[in-house]
Amino acid sequence: MEEVRQKSWMSRNWGWLLGGGCLLSIVIVVLVIGGAIWGVTKAVTESVPHTYAFEKAIQNEAVKAALGEPIETGLVGSNTKYNYNNGETNVDMTIPLNGSINNGFIYLIGTKVNDEWTYSKLYVDVNNSNEDINLLEDVIEIEGESDL
């Protein structure tokens with residue numbers, strides 16, 4: 001009588017093992033990229049310039065009238081740039097705003113030297129309108145925490 005040897009588990013299931021390994025690799029890459037994007041987004045949205053600009057916008061009566069309440073921020077703008085050089089931080093930021101009536105963007109340009117932020121531009125551009133609302137009326141600089 002001839003003895004028949006059964007194939008090993010690995011030779012019977014090599015396709016499942018290969019597919020599962022590829023799927024696991026893809027999931028890990030997606031999680032790492034997603035975590036990096038989330039971390040950068042959180043750092044930018046919690047930065048002093050972002051917080052200051054958003055607070056100025058939601059307290060401004062002209063912005064409330066143009067966009068409607070409640071006013072919320074969208075995802076971090078694609079035009080956000082931070083540059084650190086010789087103890088000076090420069091920021092050029094776009095923050096999307098969504099209101100109940102209309103949408104718009106906050107445009108901000110600022111410089112931080114010795115933990116003090118100075119803003120050269122800070123205004124809201126309302127969509128479908130030629131209206132730009134200046135948020136720099138009286139206050140040009142604030143002291144901020146050491147942030148980004």
(request) Evaluate side-chain contact (heavy atoms from CB on, under 4.5 Å) for Y107 paired with M93, printing each intermediate quantity in order. (result) CA-CA 6 Å; Y107 291 102; M93 182 180 288; over 6 Å; no
(request) Run the numbers on I133 and Y123 for side-chain contact (heavy atoms from CB on, under 4.5 Å), then give the verdict. (result) CA-CA 5 Å; I133 302 167; Y123 65 93; 6.0 Å; no
(request) For the pair V91 and K81, evaluate side-chain contact (heavy atoms from CB on, under 4.5 Å) and give the outcome as yes or no after the intermediate values. (result) CA-CA 6 Å; V91 63; K81 297 178 187 105; over 6 Å; no
(request) Give the C-alpha distance, both sets of side-chain angles, the deciding distance and a yes or no for side-chain contact (heavy atoms from CB on, under 4.5 Å) between W117 and V48. (result) CA-CA 9 Å; W117 281 100; V48 170; 3.6 Å; yes
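Between K7 and R12, the shortest heavy-atom distance links the atoms O-NH1, 3.1 Å. Of all heavy-atom pairs spanning T94 and P96, the tightest one is O-CD, 3.8 Å.
Atom OG1 of T111 is separated from atom CG of D92 by 10.0 Å, given to the nearest 0.5 angstrom. Interatomic distance, CD1 of I26 versus CG of L31, reported as 12.0 Å (0.5 Å rounding). Here the CD-CG distance, from E72 to N103, works out to 10.5 Å after rounding to the nearest 0.5 Å. If you take CG on L18 and CG on L23, they are separated by 11.5 Å, rounding to the nearest 0.5 Å. Atoms OG1 and CD1, from T73 and I95 in turn, are 8.0 Å apart once rounded to the nearest 0.5 Å. How far OG1 of T41 is from NE2 of H50: 9.5 Å, rounded to the nearest 0.5 Å.
Taking hydrophobic clusters as Ile, Leu, Val, Met, Phe, Trp and Tyr residues chained together by side-chain heavy-atom distances below 4.5 Å, L67 shares a cluster with F54. L122 is connected to I58 through a chain of hydrophobic side-chain contacts under 4.5 Å among Ile, Leu, Val, Met, Phe, Trp and Tyr, so both are in one cluster. A single hydrophobic cluster is seen to contain both L136 and L108, as judged by linkage of ILVMFWY side chains at heavy-atom distances under 4.5 Å, directly or through other members.
Using a distance-only test at 3.5 Å, with no hydrogens or angles considered, a donor-acceptor pair links the side chain of T45 to the main chain of K42. With S100 contributing its side chain and P70 its backbone, the two residues share no donor-acceptor pair below 3.5 Å. The main-chain N or O of W16 is never found under 3.5 Å from a side-chain atom of N13 such that the two would form a donor-acceptor pair. For S25 (side chain) and G21 (main-chain N/O), a donor-acceptor pair under 3.5 Å exists by modelled atom type.
N83 places none of its side-chain heavy atoms less than 4.5 Å from the side chain of T89. Two residues are said to be in side-chain contact when any heavy atoms from C-beta on lie closer than 4.5 Å; L135 and V124 meet this criterion.
Tested against L97 for a side chain to side chain contact (heavy atoms under 4.5 Å, CB included), the candidates V126, N127, I106 yield a single pass: I106.
For the pair E116 and K112, the salt-bridge criterion is not met [side-chain N within less than 4.0 Å of a carboxylate O].
Y52 and Y119 have parallel rings, their planes meeting at less than 30° on a 0 to 90° scale where 60° marks the start of perpendicular.
The local environment of CH2 in W38 is sparse, with at most 12 non-hydrogen atoms from other residues, nucleotides or ligands closer than 6.0 Å.
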